[in-house]
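Numbers here are sequence positions counted from 1.
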Amino acid sequence: MAMGKAPGDGDGNGEDVGFAEINITPLTDIFLVLLIIFMVTSSVIVQAPGGGAQAGLKVNLPKGGATDITARSTDMSVAILSDGRFVLAGNVVNEDELKRAFNDAQQKNPDTIVIVQADEGVPHGTVVQVMELAKSVGLGQLAIGVRDSQ
């Protein structure tokens, strides 16, 4: 905080006192810049429905009926894009990286549910390939992600 002379004291004999005003303009500027950054980045982030398991990218899921599985934070969500790429936690991964991630998840919690969120245009064989990778490391609880039929 800046110190200065008392107002009206021109001879230099006055005591040092603090300024009674605080300039909050720079603080306001910083908050506005942070607000803009959060608004821009939040519009880029796409979360999967269900809260806990996140795909990171928007996938055009096929329509389905019942939604009897609620995603937990320990569950893994694997998105399969229409071009056949695998997305895990927002990152594009290859088959080996996906198998390592399944193995790590199985070591941490053998009851982990693997939720496969495949685009409508993905061939059935690619979905089966991901499910077989999960089963090969011991993750037998599998689910297929669908959107509501409404």
With rounding to the nearest 0.5 angstrom, report the [atom1] to [atom2] distance, [X] to [Y].
X	Y	atom1	atom2	value
Gln129	Ile80	CD	CD1	8.0 Å
Arg100	Leu88	CZ	CG	11.5 Å
Phe38	Leu34	CZ	CG	5.5 Å
Asp111	Gln106	CG	CD	9.5 Å

Atom of [X], atom of [Y] and distance for their closest heavy-atom approach:
X	Y	result
Ser77	Gln117	OG-OE1, 3.2 Å
Leu139	Pro110	CD2-O, 4.2 Å
Met76	Ala105	SD-CB, 3.2 Å
Val122	Ser82	CG2-CA, 4.0 Å
Asn23	Pro26	O-CD, 3.8 Å
Leu133	Glu95	CD1-CG, 3.5 Å

Ignoring hydrogens and angles, tell me if any N or O in the side chain of Glu97 forms a donor-acceptor pair with the backbone of Asn94 under 3.5 Å.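 Yes; judged by distance alone, with no hydrogens or angles, the pair exists.
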Any Leu81 side-chain heavy atom under 4.5 Å of Asp119 side chain: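 Leu81 does not reach Asp119 side chain to side chain.
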Flag the pair Thr126 / Phe86 as yes when at least one side-chain heavy-atom distance between them is below 4.5 Å, and no otherwise.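 Yes - at least one pair of side-chain heavy atoms lies under 4.5 Å apart.
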In one Ile/Leu/Val/Met/Phe/Trp/Tyr side-chain cluster, 4.5 Å: Leu32, Ile24: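 No, no single cluster joins them.
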